[in-house]
Number of protein chains: 2
Amino acid sequence: MVTLAEVAQHAGVSASTVSYVLSGKRSISASTRERVEDSIQQLGYHPNAGARALASSRSNIIALMVPLRTDMYVPVMMEIAIAVATSARTHGHDVLLLTGEEGPAAVRRIAGSSLADAMILMDVELHDERLPLLRDSGRTAVLIGLPADTSGLTCVDLDFEATGALCVDHLAGLGHREVAVIGEAAAVYERHTGFAERTVDGIRAKAQETGMRILHRPCEGGYAAMAGTLGRIFDERPGTTGFIVQNEAAVEPLLNLLQQQGRAVPEDVSVVAICPEQVATQASVRLTSVAIPAQEMGRRAVEQVVAELAGRGTDEVELLEPVLTVRASSGPAPV
Amino acid sequence: MVTLAEVAQHAGVSASTVSYVLSGKRSISASTRERVEDSIQQLGYHPNAGARALASSRSNIIALMVPLRTDMYVPVMMEIAIAVATSARTHGHDVLLLTGEEGPAAVRRIAGSSLADAMILMDVELHDERLPLLRDSGRTAVLIGLPADTSGLTCVDLDFEATGALCVDHLAGLGHREVAVIGEAAAVYERHTGFAERTVDGIRAKAQETGMRILHRPCEGGYAAMAGTLGRIFDERPGTTGFIVQNEAAVEPLLNLLQQQGRAVPEDVSVVAICPEQVATQASVRLTSVAIPAQEMGRRAVEQVVAELAGRGTDEVELLEPVLTVRASSGPAPV
DNA sequence: GAGTGGAGTCGAAGCGCTTCGACCGCCGCT
DNA sequence: AGCGGCGGTCGAAGCGCTTCGACTCCACTC
């Protein structure tokens, strides 16, 4: 491995000069800079990450905690993770992938070892165990999601309350009066995952306002689970004409089942989904949907992290505004 | 932050002793060890990652390069990534997430900076640009996937040739003579991604052996693409009675379309999928399938990495044997 | 009773980098 | 002419850890 010292010798300058060329923290004459840069090229020098971290107490690594559960909203998670990794690189950072498995201990370990300069947490619960640790670790952190108490924390998320309200508004405007909500799996609510609860809150509030009847049912992904849930919904509320679907793994099964039952979409029944654009456009019926801006969320989270590391910190909650796109799955309520 | 020196002072021993307690590289008396461990607990000490990496030239980090494309076999990727992260932790390593975006440069950067001790590459192409760099970086590396030239590389993968053969065998045994293969998106073949080509090779070879006619068609995921592809397949080969599906995003659309066309599965048409178990069991018809053992692949890759780092290296290709599970989507060919 | 060797501990020398203070010219000011 | 100040460079002191060699005891052996 080539070292700083070797570059310095090759360029005929001192080690510190090379360091300053690299960091730009002191002015360097054009001629010296050029010579140093040439030497770096020729020798194929790469700064040693460990030495750098030790000397500067900055690792240029951002830790990303993703949920362990691989059974939920996987594409969204993946998209966020990739967006985080990609934007981190554009800011000169790398991303360390932590799974939920280690739980709160991971926070302690990462903060304690100075392995990462900052952390981004996904899949945040309302009363997340990791938050107290995070707060008094003093590390900069950004949450993707919204806990109950956001004091001292920076958060990025889609405004799920507004999202719920938007879906209701759309269906109400089309004359629907009885709407069923196909939620995430029951476990998601039991863990008090913020986004799921907030969506339902938003739906409930707006429904009350517009005089709509809501039936909310958690639902696992997959065909079998959806079949059961759907049967029970129509048993209980035969007059249901609208669906709001939050679990993307239930979307296609739902469309399929409706079709089998001879209920036409959107003539007899309207469906609004909360899902990534790709799911909405690739489904068997092009879905009216509120997009989950996974990439945007990942990008924003990184930008917040970078801003805070640079001291331009702003402990704030940034809620992205939902956008509803009308496609082929929603129409006027049947008369 | 608490340092080694502080722990040493607190325990009344020298720094090196604490270090040896931590690493176990020299014998320490029980009493000393206990005292040191107590101090570590009380002070809440965590070794500084940078310092450790610098002094030992081991970062205990494994870099994982995942493809940037978020549109392909996402669940599989995610499952592998999580399995890698999880098993890495059980071996005391962390995982650095690199996206394909940076391309071969990432290999140079990581190797050069000693940020990671080893690399795991996913989405390997037959003639992958990263391989030459990897070879002469001297870093230990494991590929998930199989390039054309595996010399000097450790690889882990499902045996996709055998997988293809297995699918053909199953359908041939049921009397099917005309089978269509729904492949991955065309771009996957253009990039010469190993697994896709090898699957087709395996299918072709076995089909010849069993006198089966094969029609292979690449296919994007999603409903619309599948509809087009399916139409063209039946135009060209009206006698098709079997399908082998490799693109998991095409599975559900295919089932849906067949149903719409009044072709019953498995009475009129049999479908065999190559996909994760979850997809197979959650589809609208429980699918006869060859499982893609994503977790297993991730775990094996990490184990290989750890073995090589420990000097118990074995540059070898490890192909996992495919397992076909018969479910409800395949049956005897119609007469 | 001197010699041998292993168990247990310590001191010191780095690992490769950043950064602070100091130094040296040289320009421009009064 | 003299001096402040600034652009540009260097030396040296760490950052917190690992690891090598050396040292001390003490239990054995012959």
Side-chain angles (χ1 to χ4, degrees), chain A residues 1-37 39-40 43-61 92 94 109-117 309, chain B residues 1-37 39-40 43-61 92 94 109-117 309:
Chain A
M1 288 290 85
V2 187
T3 71
L4 227 218
E6 294 174 293
V7 173
Q9 187 169 6
H10 186 273
V13 297
S14 77
S16 48
T17 301
V18 177
S19 178
Y20 286 123
V21 167
L22 251 27
S23 68
K25 293 192 177 173
R26 286 203 182 170
S27 51
I28 297 286
S29 71
S31 69
T32 308
R33 164 178 296 109
E34 233 167 81
R35 245 179 325 131
V36 171
E37 280 166 353
S39 299
I40 289 177
L43 302 180
Y45 168 72
H46 282 271
N48 177 299
R52 215 166 216 196
L54 179 57
S56 66
S57 24
R58 276 301 184 92
S59 64
N60 288 322
I61 290 180
D94 274 295
R109 188 171 63 86
I110 299 301
S113 66
S114 300
L115 219 188
D117 299 333
L309 287 177
Chain B
M1 288 289 86
V2 187
T3 70
L4 224 219
E6 294 175 294
V7 173
Q9 188 170 6
H10 185 274
V13 297
S14 77
S16 49
T17 301
V18 177
S19 178
Y20 286 123
V21 167
L22 252 27
S23 69
K25 294 194 176 170
R26 286 205 182 168
S27 51
I28 298 286
S29 70
S31 70
T32 308
R33 165 179 295 110
E34 234 167 79
R35 243 175 331 126
V36 170
E37 279 167 354
S39 299
I40 290 178
L43 302 179
Y45 168 74
H46 282 272
N48 178 299
R52 211 163 221 198
L54 178 56
S56 66
S57 22
R58 275 299 183 91
S59 64
N60 287 322
I61 290 180
D94 274 295
R109 188 170 64 84
I110 299 300
S113 67
S114 299
L115 219 188
D117 299 333
L309 287 178

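Below, chain A is the first sequence line, B the second, and so on; all start at residue 1. The structure presented is a predicted model; accordingly, all values stated were derived computationally and were not measured. These numbers come from the heavy atoms of this one structure, side chains and all, not from hydrogens, waters or symmetry mates.
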Practice prompt. Compute the angle between the rotation axes at the two ends of the helix from C:dG1-D:dC30 to C:dT30-D:dA1, each taken over five pairs, rounded to 10 degrees.
Written response: 40°
Worksheet item: DNA chain C: B:Ser56 or B:Thr17, which has the more 5' nearest nucleotide?
Response: B:Thr17
Figure out the [atom1]/[atom2] separation between [X] and [N], and round it to whole Å.
{"X": "B:Glu6", "N": "D:dC17", "atom1": "CD", "atom2": "P", "value": "9 Å"}
{"X": "A:Leu54", "N": "C:dT18", "atom1": "CG", "atom2": "P", "value": "11 Å"}
{"X": "B:Arg35", "N": "C:dG8", "atom1": "CZ", "atom2": "C1'", "value": "12 Å"}
{"X": "A:Leu4", "N": "C:dT19", "atom1": "CG", "atom2": "P", "value": "12 Å"}

Worksheet item: Do side-chain atoms of B:Arg52 reach the backbone of B:Asn60 as a donor and acceptor pair under 3.5 angstrom?
Response: no
Worksheet entry | Sub-4.0 Å heavy-atom contacts from residues 24-34 of chain A onto DNA chain D, ordered by number | A:Arg26, A:Ser27, A:Ile28, A:Ser29, A:Thr32
Worksheet entry | Proximity to DNA chain D (any heavy atom under 4.0 Å), residues of residues 44-52 of chain B only | B:Tyr45, B:Pro47, B:Asn48, B:Ala51, B:Arg52
Discussion item. For a quick check under 3.5 Å, do B:Ser16 and B:Ser19 share a side-chain donor-acceptor pair by atom type?
Written reply: no
Discussion item. Could you measure the distance from the OG atom of B:Ser114 to the CG atom of B:Leu54? Nearest 0.5 Å is fine.
Written reply: 10.0 Å
Discussion item. Taking the minimum atom-to-atom distance to the side chain of B:Ser16, which one of D:dT19, C:dT19, D:dT18 wins?
Written reply: D:dT19
Response to the item:
Closest to the side chain of A:Tyr20, out of D:dC10, D:dT19, C:dG16, is D:dC10
Worksheet item: With a non-hydrogen cut-off below 4.0 angstrom, is B:Thr3 in contact with a base, only sugar-phosphate, or nothing?
Response: sugar-phosphate
Discussion item. Go through it in stages, so that I can follow the logic: the residues are A:Arg35 and A:Val13, the test is side chain to side chain contact (heavy atoms under 4.5 Å, CB included), and I'd like the CA-CA distance, side-chain angles, deciding distance and then a yes or no.
Written reply: CA-CA 9 Å; A:Arg35 245 179 325 131; A:Val13 297; 4.1 Å; yes
Practice prompt. Decide if atom CD of B:Glu6 counts as having more than 12 heavy atoms of other residues, nucleotides or ligands within a radius under 6.0 Å.
Written response: yes
